[in-house]
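Below is one structure, written out as structure tokens; the observations come after it.
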Amino acid sequence: MQRRSFLAGAAAAAAAPSIVQAQANRVLKVVPHANLTVMDPVWTTAYITRNHGFAVWDTLYGLDDEYKPQPQMVEGHTVENDGKLWTFTLREGLRFHNNEPVRAQDCIASLERWGKRDAMGTRLAALTEEMRALDDRRFTIRLSRPFGLMLDALAKPTSNAPFIMPASISATDAFTQIRPDQVIGSGPFTFNARELISGSRVVYERFAGYRPRANGTPSGTAGPKVVHFDRVEWHIIPDFATAANAMVSGEMDWWEVATPDLAPMLRRNRNVNVTVPDPLGSIAVMRPNHLHAPMNNPKFRQALLRAVSQADFMTAFMGSDPQGFKSGVGAFTPGTPLASDAGLEVFENNIETARRMIRESGYNGERIVLLGTTDIASLAAWSQVAADMFRRLQVNIDFQSMDWGTVVQRRAQQTPPDAGGWSAFCTNWGGLDHLNPAGHLMLRGQGRQGFIGWPESERLESLREAWFEAPDLPAQQRIAADLQRQMFEDVPYIPLGQFFQPLAHRRNLTGVMQPGGIPVFWNVRRT
């Protein structure tokens, strides 16, 4: 925090302690993992935008702690015609932040826009013959054939989540960002665009018109969403030591992703609680740009696999504690049913082999623009390891450092590296994102119509389709192993390991949750 603002706050507290204390009890101050630069959780998969989405919008279904879909905005549903006709009924009293009622047509328009970008959404859209509003509270989805993951898709909390927006907003092209003034939510908090200071502060306010579910237990993103704070303030603090000190002093209430090097100091403070919120952890990845040389050459990408040491990437951020990370990570989250060791022998950690394969690939000295993130500790560490790996490979590396918000905007560009484009960047996904092929955006092969990086692979797509049609888990596991082997042929991305990052919060908060790594600000109280 700035010393001047801190002293000013201290002086105000001394002058009027009871007023300041009362105000503080109504404000929850959070240090998010990044700056918020994109407001549209359909346009981008960036987790900071997804987290913003969960504050502002609601979903038809939530996903509980056992990864089971539960009704959220809906009162219930019926299924007819051998699983091909679904009818959904909205709860009474749902309103948008402009006080307009949430109608069935809003749900249809939101699902249509989401279905053009999300991995599960595109699958649902491909099977949908018609979505139709029966009245203001009921709508149907008629399928060409049954889709057993219907409720899982509608409860999907990972990027891109199927948030319900007004139909007028969802009319925006799915490949065009909605503006800050278009953030009209359906959830428990309103977005205060007037107080937005990019790189410094984001403000949410309790929406008095929100009606939580009347029953159920808070679990994951499911259950009643009861708000106990008038305001939630995100304070962007790019200096991690400053963020840790703000937690110790009580200036901040909640640090979404405490860095591993500072977590021991926080654990020693009796007023701070440090936990690991997500048993599935997160999966670190490097994403190459398949549109431009040299990353458009599969032989070049295969060479990179031989140079990668997942343990090096993980220890650069998590340290040497083996409880904090796992290497030997393939296409699917370790410890879950589809994870396997199929094809993992490609990770040789052999620079000489990789250099030889790069020469054999026909690499001609093309410039490789690596986008390096500076303001997210994990991505900063992996960006540096990746840059060092490219230097040791003796390729023409151009390492460009920038904040994550800039990376999010830059990575959407399909222009060549010499025209402002890029070649590779590092990021991470929640373990929930990589449980299976259904929501696994990095494992798609749709080319320019697909996700950022734009790999094209008919084989990946056909195996994904086969997985959906598999009759049982053993069949799904066989197909998943084939998908992983094919991934190491096409190299749509490079897995860098699994890690488990802690969160920190003041002990006077109860109800703190980050299901699937998503900080949710309902049901949180100050004791």
For this session: Check whether any side-chain heavy atom of F163 sits under 4.5 Å from a side-chain heavy atom of S110, and report yes or no.
Result: no
Exercise. What do you reckon, are the aromatic ring centroids of W255 and H235 less than 6.0 Å apart?
Worked result: no
Problem set entry | V329 to P495 - nearest heavy-atom pair and separation | O-CG, 3.5 Å
Exercise. Heavy-atom distance under 4.5 Å between the side chains of D388 and R392, does that happen here?
Worked result: yes
Problem set entry | Closest non-hydrogen atom pair between W57 and I184, with its separation | NE1-O, 3.0 Å
Problem set entry | Verdict with reasoning, T45 to F451, per side chain to side chain contact (heavy atoms under 4.5 Å, CB included) | CA-CA 9 Å; T45 59; F451 182 60; 3.2 Å; yes
For this session: May I ask you to decide if the ring planes of F191 and Y204 are parallel, tilted or perpendicular, using 30° and 60° as cut-offs?
Result: tilted
Problem set entry | Distance in Å, L63 CG paired with T158 OG1, rounded so as to fall on 0.5 Å steps | 8.5 Å
Exercise. Can the ring centres of F332 and W429 be said to be less than 6.0 Å apart?
Worked result: no
Which pairs of donor and acceptor atoms, one on a side chain in residues 315-322, lie under 3.5 Å apart (sequence neighbours left out)?
{"unit_1": "T315", "atom_1": "OG1", "unit_2": "A311", "atom_2": "O", "d": "2.9"}
{"unit_1": "T315", "atom_1": "OG1", "unit_2": "D312", "atom_2": "O", "d": "3.4"}
{"unit_1": "D321", "atom_1": "OD1", "unit_2": "Q323", "atom_2": "N", "d": "3.0"}

Problem set entry | N428 vs L379 side-chain heavy atoms within contact, under 4.5 Å | yes
Problem set entry | Worked verdict on E256 versus N51 for side chain to side chain donor-acceptor pair (under 3.5 Å) | CA-CA 11 Å; E256 181 193 340; N51 298 350; 3.3 Å; yes
Problem set entry | Sub-4.5 Å side-chain heavy-atom contact between D152 and M120 | yes
For this session: Spell out, as yes or no, whether a donor-acceptor pair under 3.5 Å connects the side chain of N160 to the backbone of T44.
Result: yes
Exercise. Between F521 and H228, is the gap from one ring center to the other below 6.0 Å?
Worked result: no
For this session: Output the distance between atom CD1 (I368) and atom CD1 (I397), rounded to the nearest 0.5 Å.
Result: 5.5 Å
Exercise. Which pairs with one or both residues in residues 201-221 pass salt bridge (charged side-chain N to carboxylate O under 4.0 Å, His left out), sequence neighbours excluded?
Worked result: E195-R201, E205-R231, R206-D230
Exercise. Would the number of heavy atoms belonging to other residues, nucleotides or ligands and lying under 6.0 Å from CZ of R525 be above 12?
Worked result: no
Exercise. Ignoring hydrogens and geometry, is there a side-chain-to-backbone donor-acceptor pair from R301 to M295 under 3.5 Å?
Worked result: yes
Problem set entry | Under the salt bridge (Lys or Arg N to Asp or Glu O under 4.0 Å) test, residues paired with D433 that sit two or more places apart | none
For this session: In sequence, state the C-alpha distance, the side-chain angles, and the governing distance for F313 and F325, and then conclude on ring-ring contact (aromatic ring centres under 6.0 Å, His included).
Result: CA-CA 10 Å; F313 277 91; F325 68 90; over 10 Å; no
Exercise. Tell me the salt bridge (charged side-chain N to carboxylate O under 4.0 Å, His left out) pairs involving residues 32-51, sequence neighbours left out?
Worked result: D40-R113
For this session: Go through the structure and list residues passing salt bridge (Lys or Arg N to Asp or Glu O under 4.0 Å) with K225, not counting sequence neighbours.
Result: D58
For this session: Applying side chain to side chain contact (heavy atoms under 4.5 Å, CB included), run through E233 and V202 and close with a yes or a no.
Result: CA-CA 6 Å; E233 297 177 358; V202 185; over 6 Å; no
Exercise. Ignoring hydrogens and geometry, is there a side-chain-to-backbone donor-acceptor pair from S186 to I164 under 3.5 Å?
Worked result: yes
For this session: Output yes when a side-chain donor or acceptor of S309 lies under 3.5 Å from a complementary backbone atom of N349, and no otherwise.
Result: no
For this session: Could you walk me through whether D403 and T406 pass side chain to side chain donor-acceptor pair (under 3.5 Å), step by step?
Result: CA-CA 6 Å; D403 62 72; T406 304; 3.2 Å; yes
For this session: Kindly give the heavy-atom pair with the smallest separation between R391 and F399, and that separation in Å.
Result: NH2-CD2, 4.0 Å
Exercise. Under the ring-ring contact (aromatic ring centres under 6.0 Å, His included) test, which residues partner Y61, sequence neighbours left out?
Worked result: H77
For this session: Calculate, to the nearest 0.5 Å, the distance between atoms SG and CG belonging to C426 and L370 respectively.
Result: 6.0 Å
Exercise. Below 4.5 Å, heavy atoms only, C-beta onward: do M402 and T373 meet side chain to side chain?
Worked result: no
For this session: Please tell me if the side chains of Q514 and T275 come closer than 4.5 Å, counting only heavy atoms from C-beta onward.
Result: no
Exercise. Is W382 close to V285 at the side-chain level, that is, under 4.5 Å between some pair of heavy atoms?
Worked result: no
For this session: May I ask you to test the P492-R444 pair for a side-chain heavy-atom distance under 4.5 Å?
Result: no
Seminar exercise, completed: Here the pair of heavy atoms bringing T259 nearest to A377 is CG2-CB, 3.5 Å
For this session: Output all residues satisfying side-chain hydrogen bond (donor to acceptor under 3.5 Å, both in side chains) with Q182, sequence neighbours left out; order by chain, then residue number.
Result: none
For this session: For residues L443 and M487, report the shortest heavy-atom separation together with the two atoms involved.
Result: CD1-SD, 3.8 Å
Exercise. What pairs meet the ring pair (Phe, Tyr, Trp, His ring centres under 6.0 Å) rule with one or both residues in residues 257-286, with sequence neighbours excluded?
Worked result: none
Problem set entry | Non-neighbouring partners of D118 that pass side-chain hydrogen bond (donor to acceptor under 3.5 Å, both in side chains), sequence neighbours left out | K156
Exercise. When you look at V56 and H97, which way does the side chain to side chain contact (heavy atoms under 4.5 Å, CB included) test go after all the steps?
Worked result: CA-CA 9 Å; V56 174; H97 296 167; 4.1 Å; yes
Seminar exercise, completed: For E345, the salt bridge (Lys or Arg N to Asp or Glu O under 4.0 Å) test, sequence neighbours excluded, returns none
Exercise. Does D64 use its side chain to pair, donor to acceptor, with the backbone of Y67 at less than 3.5 Å?
Worked result: yes
Exercise. Considering all heavy atoms of both residues, which atom of S383 and which atom of G372 are nearest to each other, and what is their separation?
Worked result: OG-CA, 3.5 Å
Exercise. Are any side-chain N or O atoms of H52 and backbone N or O atoms of V38, one a donor and one an acceptor, separated by less than 3.5 Å?
Worked result: no
Exercise. Got a donor-acceptor contact below 3.5 angstrom from the R91 side chain to the A214 backbone?
Worked result: no
Exercise. Under 3.5 Å, is there a donor-acceptor pair between the side chain of H440 and the main chain of A331?
Worked result: yes
Exercise. Is T527 reaching over with its side chain to a backbone N or O of N508, donor-acceptor style, under 3.5 angstrom?
Worked result: yes
Can you give me every donor-acceptor pair (side chain of residues 497-506, partner residue at least two apart or in another chain, under 3.5 Å) with its distance?
{"unit_1": "Q498", "atom_1": "NE2", "unit_2": "L280", "atom_2": "O", "d": "2.9"}
{"unit_1": "Q501", "atom_1": "NE2", "unit_2": "A258", "atom_2": "O", "d": "3.4"}
{"unit_1": "H505", "atom_1": "NE2", "unit_2": "N273", "atom_2": "ND2", "d": "3.2"}
{"unit_1": "R506", "atom_1": "NH1", "unit_2": "M247", "atom_2": "O", "d": "2.9"}
{"unit_1": "R506", "atom_1": "NH1", "unit_2": "V248", "atom_2": "O", "d": "3.0"}

Exercise. What distance do W114 atom CH2 and T59 atom OG1 have between them, rounded to the nearest 0.5 Å?
Worked result: 10.5 Å
Exercise. Mind checking what makes ring-ring contact (aromatic ring centres under 6.0 Å, His included) contact with F425, not counting sequence neighbours?
Worked result: W422
Exercise. Under 3.5 Å, is there a donor-acceptor pair between the side chain of Y47 and the main chain of I518?
Worked result: no
